[in-house]
Amino acid sequence: MPSLGRYGVALGIVAIIASTVSMPTAWGYGKDGPVTCTDAGLCVNIAKKRSNPPAKLHGRLASGRAANRQNAANQRLQEARKKFSAAHAAYIRQLTTYDRCVVTFNPSTNPGGCGKRPAAPTAPMFSTNNFSGPGNPAITAGQAAAIAVARLQLPTIAPGIGPSPDLNPWNMAAVGYPLWLWADGPTHVGPISDSIAGLSVSLDAEVSSLTFRMGDGHSVTCAGAGQPWTKSVQPGAKSPTCGYSYAKPSLPDDKYAVAAIANWAVTWTSNGQSGVINVPAVDTTDLPVGELQVLVR
């Protein structure tokens with residue numbers, strides 16, 4: 001039999017190895033990284049150990065949860081802003097209607113137009129809790145001031161008219177006699193502090209002007225709150241600030257329905273800003289006016 005020689009021996013060895021070692025048929029991961037396994041069950045590591053994949057996965061999950069929380073907070077913020085804007089806009093519409101009623105109100109000519117006496121709308125309950133904590137809507141200093149003014153309870157001011165008919169034996173005011181007009185009630189409120197959505201608001205309210213609708217078709221507008229009549233006033237003296245004299249009587253058939261419209265000027269200060277919000281208020285009274293006949297001999 002001829003000799004195979006050195007090269008023949010090498011080829012034989014390769015053939016034997018090829019017949020006993022199978023090619024990789026399966027892949028997977030072991031505790032130290034990826035491995036490959038043959039049909040003969042031989043498994044070998046083919047890469048270095050991975051660098052702590054569970055820690056990376058935990059970081060990604062934590063980041064995702066934080067993003068979800070932030071998205072939920074942003075959604076709550078948007079909903080809170082919508083609710084605030086809707087409630088505030090509704091109140092402003094009601095207040096605008098009330099202001100228009102007050103400006104045109106005359107109990108002698110249109111007592112039913114806006115009610116016998118227009119009443120200011122009830123302010124929304126903008127409590128501090130509605131605007132604090134997570135999801136709190138960001139509001140401006142002007143919006144905070146508007147809410148604070150809406151929550152401010154300003155007193156009703158009745159028309160002051162003097163001398164009172166109750167002081168004379170006829171129980172009426174006289175045609176041509178000078179009457180003094182003023183705001184018969186508190187004319188200054190404040191300073192008062194309020195807190196809206198974390199913003200501190202300072203308020204100071206004062207009656208800046210008065211308009212009297214005298215019931216005979218005439219109106220009188222006076223700066224300030226007027227000066228009250230007292231018994232020390234000389235008979236027939238005119239008011240230095242706000243007064244009126246009737247030209248015709250209301251008696252014997254009726255009384256004049258007098259309306260006093262007080263314009264409250266509410267000065268607000270918040271977060272380095274300031275402004276003035278005007279709030280009108282109206283009240284009425286009845287005044288009998290007659291003629292006095294003087295007999296001259």
Side-chain angles (χ1 to χ4, degrees), residues 84 87-105 107 114-115 117-131 139-162 180-213 219-229 239-243 258-285:
F84 163 75
H88 187 255
Y91 172 72
I92 293 301
R93 287 193 298 269
Q94 295 170 0
L95 189 61
T96 300
T97 300
Y98 166 74
D99 289 349
R100 185 166 56 248
C101 286
V102 170
V103 169
T104 60
F105 177 68
C114 293
R117 186 175 64 195
T122 301
M125 295 304 294
F126 290 125
S127 66
T128 302
N129 292 336
N130 295 135
F131 302 97
I139 63 177
T140 67
Q143 289 174 324
I147 296 170
V149 171
R151 302 200 304 196
L152 183 63
Q153 298 296 315
L154 294 171
T156 300
I157 299 179
I161 304 175
W180 292 37
L181 307 175
W182 70 92
D184 190 11
T187 58
H188 181 262
V189 176
I192 293 177
S193 295
D194 202 350
S195 179
I196 309 294
L199 290 178
S200 178
V201 183
S202 177
L203 303 174
D204 194 81
E206 188 169 9
V207 174
S208 61
S209 66
L210 287 169
T211 296
F212 288 87
R213 294 204 169 89
S219 297
V220 179
T221 298
C222 307
Q227 183 173 330
W229 180 91
S239 169
T241 58
C242 192
V258 180
I261 301 168
N263 183 55
W264 286 92
V266 185
T267 302
W268 62 268
T269 304
S270 177
N271 199 29
Q273 301 180 44
S274 62
V276 177
I277 297 176
N278 294 310
V279 181
V282 62
D283 203 352
T284 62
T285 190

Taking it one step at a time, do I157 and W264 satisfy side-chain contact (heavy atoms from CB on, under 4.5 Å)? CA-CA 11 Å; I157 299 179; W264 286 92; 3.5 Å; yes

Is there a side chain to side chain donor-acceptor pair (under 3.5 Å) between T211 and T221? Walk through the geometry before answering. CA-CA 4 Å; T211 296; T221 298; 3.1 Å; yes

Show your reasoning for whether side-chain contact (heavy atoms from CB on, under 4.5 Å) applies to I147 and V149. CA-CA 5 Å; I147 296 170; V149 171; over 6 Å; no

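Qualifying side chain to side chain contact (heavy atoms under 4.5 Å, CB included) partners for A141, counting only residues two or more places apart in sequence or in other chains: W268, S270, N271, Q273. In this structure S208 satisfies the side chain to side chain contact (heavy atoms under 4.5 Å, CB included) test together with N263, A265, sequence neighbours excluded. For S209, there are no side chain to side chain donor-acceptor pair (under 3.5 Å) partners, not counting sequence neighbours.
The minimum heavy-atom distance between A260 and F212, with the atom names listed, is CB-CE2, 3.7 Å. Annotation for A205 and L154: closest pair CB-CD2, 3.8 Å, computed over non-hydrogen atoms. Between W180 and P240, the shortest heavy-atom contact is CH2-CD, 3.7 Å. Nearest heavy atoms, V207 versus A262: CG1-CB, 4.3 Å. Taking both residues in full, the closest heavy atoms of P155 and V189 are given as CD-CG2, 3.8 Å, listed atom of the first, atom of the second, then distance. Heavy atoms only, all atoms of each residue included: G226 and L210 are closest at N-CD1, 4.2 Å.
A heavy-atom distance below 4.5 Å is found between the side chains of D283 and P159. Residues V258 and R213 are not in side-chain contact: their nearest non-hydrogen atoms beyond the backbone lie 4.5 Å or more apart. Taking the side chain as every heavy atom from C-beta outward, T285 and I161 approach each other to under 4.5 Å.
Note that the CG atom of L203 and the CZ atom of R151 stand 9.5 Å from one another [nearest 0.5 Å]. Note that CD of Q227 is 11.0 Å distant from SG of C242, once rounded to the nearest 0.5 Å. To the nearest 0.5 Å, atom CD of residue E206 and atom CG of residue D204 are 7.0 Å apart. Remark: S239 OG to L181 CG distance equals 7.0 Å, nearest 0.5 Å. How far CG of L199 is from CG of D194: 11.0 Å, rounded to the nearest 0.5 Å.
Using modelled atom types, one side-chain atom of Y98 and one backbone atom of P280 make a donor-acceptor pair closer than 3.5 Å. Side-chain atoms of S195 do not come within 3.5 Å of backbone N or O of S200 as any donor-acceptor pair.
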